[in-house]
Amino acid sequence: MPETSEKKTIFSGIQPTGVFTLGNYIGAIRNWGPLQDEYNCIYSIVDMHAITVRQEPAKLRQNTLQAYALLLACGIDPKRSIAFIQSHNPNHAELSWILSCSTQFGELSRMTQFKAKSQQHADDINAGLFTYPVLMAADILAYNADLVPIGADQKQHLELARNIAGRFNQKYGDFFTVPEPFIPKAGARVMSLQDPAKKMSKSDENPNACIFILDDKDTIIRKFKRAVTDSDAEVCYREGKDGINNLMTIYSVMTGKSLDEITSEFSGKGYGDFKLAVGEAVADHLEPVRTEFSKLVKDKDYLKECYTAGAEAAGRITRKTLSKVYRKVGFVDAR
Ligand code: TRP
């Protein structure tokens, strides 16, 4: 990847917290492969963010490798993008310290995710949980990323990263690119199959509410068969038909068919046929991802080669940023 290209830079961090859901896939990850032509893409598995809540070390290691393999299985090409593991590039933590000195206690205290996680993990409200958004700002600003693909839950953190960049620029002279949120054109929100008023979430207690992208065909079809619908027996997109609307959205993304086309395809047919068709379309669509993943996850050497090269490429960019930052804040040159 040429470092001086005209293309804009996209950075995204992915938490290694288990298999992606169909919601993550449709709303975000599916769009990342095609972005590689238009942008310089940098993807990091953020293991350092993960330890702000208690992790079992062996599990974290396994989840990190799994998330990395999933990223590649979903179409991220390590030759065209930079894909690496956050802890392999120490510059993130180093920049985070500098940026924390341009971040106010008050603004961190206002982060809604910190408040929510403090409640969830009341016995471990550690300083890392509090300064988490500063590390996230460092992830982004270290690469002078222009764009950051994020969901609604990360908007406040990105806004903070923008404020930190602005404040640093004001103190030390224009330096950091102020990043913008990136909302992909073809984004779609996938809802729970059991309660279509809620977003599909991997932490749902009901195992039928959520499709994981590594679920096998039978599991996927079974979950769709049990999806909550309504009593109209009419496949059409309309207010008040949340369950059917959700299934139609999913089917439309998987097949490329419009909502009208779907309505005529299933006119006169029952919900049973429709649910089966959605399940099959999803299973067929995800089949190559699952095959590629199982191949990659067995090839530890190849994965290592990829994430090592990724960390080197990442480090080459961030070392430059960091040494300029050190000079700006007044640190004595080390060499
Ligand atoms: N906080 C993000 C999440 O939980 C993950 C993340 C870490 C991130 N660093 C990032 C996302 C930088 C975008 C850019 O989903």
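Indexing begins at 1, ligand by ligand and atom by atom, following the structure's order.
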- Message: Considering both backbone and side-chain atoms of H157, is one of its nitrogen or oxygen atoms within less than 3.5 Å of a nitrogen or oxygen in ligand 1?
- Response: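 Between H157 and ligand 1 (N or O atoms, distance only) the closest approach is not under 3.5 Å.
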- Please indicate whether any nitrogen or oxygen in D153 is less than 3.5 Å from any nitrogen or oxygen in ligand 1.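 For ligand 1, there is no N or O atom that lies under 3.5 Å from one belonging to D153.
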- Query: Considering only heavy atoms of V148, which atoms of ligand 1 have at least one such atom less than 4.0 Å away?
  - Reply: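 Numbered from 1, ligand 1 contributes 13 (C), 14 (C).
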- Query: By number and element, which atoms of ligand 1 are closer than 4.0 Å to a non-hydrogen atom of Y132?
  - Reply: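 Near Y132, the atoms of ligand 1 are 1 (N), 2 (C), 3 (C), 4 (O).
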- Message: Could you measure the distance from the OH atom of Y43 to the CD1 atom of I14? Nearest 0.5 Å is fine.
- Response: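 Output value for this atom pair is 7.5 Å.
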- Message: I need the S323 OG to K328 NZ distance, nearest 0.5 Å.
- Response: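 Going from the OG atom of S323 to the NZ atom of K328 covers 12.0 Å.
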- I26 and side-chain contact (heavy atoms from CB on, under 4.5 Å): which partner among I250, I213, V282?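 The option that passes is I250.
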Among all protein heavy atoms in this structure, tell me which lies nearest to [atom], with the distance rounded to 0.1 Å.
{"atom": "atom 6 (C) of ligand 1", "result": "G13 O, 3.7 Å"}
{"atom": "atom 12 (C) of ligand 1", "result": "F11 CE2, 3.5 Å"}
{"atom": "atom 9 (N) of ligand 1", "result": "D139 OD2, 2.7 Å"}

- Message: Set out, in order, the CA-CA distance, both residues' side-chain angles and the distance that settles side chain to side chain contact (heavy atoms under 4.5 Å, CB included) for L72 and L303, then state yes or no.
- Response: CA-CA 9 Å; L72 303 197; L303 284 180; 4.2 Å; yes
- Item | Side-chain donor-acceptor pair present, H49, Q86, cut-off under 3.5 Å |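 Result is yes, a qualifying pair exists.
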- E280 side chain to Y251 side chain, donor-acceptor N/O pair below 3.5 angstrom: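 No pair is found: no donor N or O on one side chain lies under 3.5 Å from an acceptor on the other.
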- Query: Which of the listed options, Q113, H49, M48, holds the heavy atom that is closest to atom 7 (C) of ligand 1?
  - Reply: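 That would be H49.
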- For the pair L22 and C210, evaluate side chain to side chain contact (heavy atoms under 4.5 Å, CB included) and give the outcome as yes or no after the intermediate values. CA-CA 7 Å; L22 183 65; C210 174; over 6 Å; no
- Message: Side chain, backbone, both or neither: which applies to L158 and ligand 1 if a contact is any heavy-atom pair less than 4.0 Å apart?
- Response: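 For L158, there is no contact with ligand 1 at all, from either part.
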